[in-house]
Amino acid sequence: MAAAGTAGTGSPGTGTGTGSGGAPTVCLIVLGMAGSGKTTFVQRLTGHLHIKGCPPYLINLDPAVHEIPVPANIDIRDTVNYKEVMKQYGLGPNGGIVTALNLFATRFDQVMKFIEKRQQDCRYVLIDTPGQIEVFTWSASGTIITEALASTFATVIVYVMDTSRSTSPITFMSNMLYACSILYKTRLPFIVVMNKVDIVSHTFAVEWMTDFESFQDALNQETSFASNLTRSMSLVLDEFYSTLRVVGVSAVEGTGMDDFLGHVAEAVVEYDL
């Protein structure tokens, strides 16, 4: 683990990796709640980049997934057997995922070497994380992996949220609070991807983020204790919204991918500041 830990001692702004054409290599760490369409988004983005003649380098960090829709260049399942970890250490599902990630993190210096070898051919590195978002976000292994990448490459956090399940102002606020906590923990450029706009347009969410009164009007229709808490928290998050990059996409239909890449380009500039 010492090698991986040493790799993670850098800070944003020290990245030196360059991809094809001399452009900086960009690592996109894709996070999202279970069912948000995170892996489908990674699949669609991979296809979109292939069409643009810029195939990405794909890393799967979910040891419990049965199958992934696109072949990964590096797959944690090739290194760690999730079910054997559960059996050997007497763990449950979440404990098995955490331990599998911890074991993988001890070899992450090798992963860094693989990425560095391919950075001339692949500008984008896509990292798909476990569906149990807290397992990666708040674990030691998640921190080691994130900081190791950020110390060498321009690294951007991509938070995928299910727009169709965020039409309630309370649910929306819960998503935003989680996004805010991840932003301040990682201190990296951050993009919120509002997925499934083919089901529900994300315009209502953008309006809530830019128009305080509009969000309050929606909250007035709620009468629970949570609505009072949400009303108080919305004032706190106002500054968070002002600098947040938001893009609506449909992982199923492929809409919004070019807009997303535009936000990534802006995030890379922020990383280099």
Side-chain angles (χ1 to χ4, degrees), residues 11-13 15 26-33 35-38 41-42 44-45 124 126-127 129 133-134 136-138 142 146 149-150 154-197 199-219 229-251 255-273:
S11 59
V26 184
C27 291
L28 303 177
I29 301 177
V30 184
L31 306 171
M33 301 285 189
S36 62
K38 173 173 53 63
F41 169 76
V42 170
R44 175 62 69 176
L45 180 58
Y124 296 98
L126 307 184
I127 298 100
T129 58
I133 184 173
E134 69 283 352
F136 182 85
T137 307
W138 302 108
T146 301
L149 292 168
T155 304
V156 179
I157 303 296
V158 180
Y159 181 76
V160 180
M161 60 179 282
D162 186 343
T163 310
S164 63
R165 292 184 181 178
S166 300
T167 53
S168 162
I170 294 176
T171 307
F172 172 79
M173 178 59 69
S174 298
N175 260 304
M176 290 297 101
L177 284 172
Y178 212 110
C180 182
S181 67
I182 295 171
L183 170 65
Y184 287 112
K185 183 179 187 299
T186 61
R187 294 174 298 165
L188 290 170
F190 198 90
I191 302 173
V192 173
V193 172
M194 295 189 174
N195 193 18
K196 306 185 183 181
V197 296
I199 300 174
V200 176
S201 173
H202 70 301
T203 52
F204 76 91
V206 174
E207 183 180 358
W208 283 352
M209 295 169 70
T210 55
D211 186 348
F212 181 78
E213 295 300 328
S214 175
F215 185 70
Q216 294 302 309
D217 290 342
L219 267 179
L229 177 62
T230 301
R231 186 173 288 104
S232 300
M233 293 304 299
S234 62
L235 291 168
V236 178
L237 290 183
D238 204 36
E239 182 179 351
F240 170 66
Y241 292 152
S242 64
T243 57
L244 193 63
R245 297 180 182 86
V246 179
V247 59
V249 306
S250 169
T255 55
M257 290 299 162
D258 284 328
D259 290 339
F260 170 74
L261 292 176
H263 283 295
V264 170
E266 294 176 3
V268 171
V269 172
E270 177 188 335
Y271 173 91
D272 289 330
L273 291 177

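Owing to the predicted nature of the structure, the values given are computational and were not obtained by experimental measurement. The chain is numbered in sequence order, starting from 1.
Atoms CD1 and CD1, from I157 and I182 in turn, are 8.0 Å apart once rounded to the nearest 0.5 Å. The CG atom of L28 lies 5.5 Å from the CG atom of L126; values are rounded to the nearest 0.5 Å. Residue K185 holds its NZ atom at 7.5 Å from OG1 of T137, rounded to the nearest 0.5 Å. Taking CE of M176 as the reference point, atom CG of L183 lies at 11.0 Å (rounded to 0.5 Å). One distance of note links CE of M209 with OG of S214; it measures 12.5 Å at 0.5 Å rounding. The structure places OG1 of T155 at 5.0 Å from CG of L149, a figure rounded to the nearest 0.5 Å.
For the pair T186 and I29, the minimum side-chain heavy-atom distance is 4.5 Å or more. Proximity of D162 to M33: side-chain heavy atoms (C-beta onward) are nowhere separated by under 4.5 Å. Residues F260 and R245 form no side-chain contact, since every pair of their non-hydrogen atoms from C-beta on lies 4.5 Å or further apart. Taking 4.5 Å as the limit, some side-chain heavy atom of F190 sits within range of a side-chain heavy atom of L244. Residues T230 and F172 are not in side-chain contact: their nearest non-hydrogen atoms beyond the backbone lie 4.5 Å or more apart. Proximity of L261 to L45: side-chain heavy atoms (C-beta onward) are separated by under 4.5 Å at one or more points.
Residues satisfying the side chain to side chain contact (heavy atoms under 4.5 Å, CB included) test with S234, not counting sequence neighbours, are M173, F212, F215, Q216. Take S166 and apply the side-chain hydrogen bond (donor to acceptor under 3.5 Å, both in side chains) test, not counting sequence neighbours, and it matches N175. Among residues two or more places apart in sequence or in another chain, the ring pair (Phe, Tyr, Trp, His ring centres under 6.0 Å) test is passed with Y124 by none. In terms of the side-chain hydrogen bond (donor to acceptor under 3.5 Å, both in side chains) criterion, E266 has no residue partners (sequence neighbours excluded). Residues passing the ring pair (Phe, Tyr, Trp, His ring centres under 6.0 Å) test with F204 are W208, sequence neighbours excluded.
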#### Entry: side chain to side chain contact (heavy atoms under 4.5 Å, CB included) between K196 and F41, intermediate numbers included
CA-CA 10 Å; K196 306 185 183 181; F41 169 76; over 6 Å; no
task: Begin with the C-alpha distance, continue with both residues' side-chain angles, and end with the deciding distance and a verdict on side chain to side chain contact (heavy atoms under 4.5 Å, CB included) for E134 and Y178.
output: CA-CA 10 Å; E134 69 283 352; Y178 212 110; 3.5 Å; yes
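The shortest heavy-atom contact between L219 and P169 is CD2-CB, 3.9 Å. The shortest heavy-atom contact between Y271 and A154 is CE2-CA, 3.4 Å. When all heavy atoms of A179 and F240 are compared, the pair lying nearest together is C-CZ, 4.0 Å. Scanning all heavy atoms of the two residues, the minimum distance from I191 to A267 falls at CD1-CB, 4.4 Å. For the pair G37 and A251, the tightest heavy-atom approach, listed with the atom from each and the gap, is O-CB, 4.5 Å. Contact between G142 and T146 at its shortest, heavy atoms only, is O-OG1, 2.8 Å.
Within the 3.5 Å criterion, the main-chain N or O of T167 finds no donor-acceptor partner in the side chain of T171. The closest donor-acceptor contact from the side chain of K38 to the backbone of T129 lies under 3.5 Å. Panel note: side chain T163, backbone N195; a donor-acceptor pair is recorded below 3.5 Å.
Residues in residues 172-184 take part in no salt bridge (Lys or Arg N to Asp or Glu O under 4.0 Å) pair, two or more places apart or across chains.
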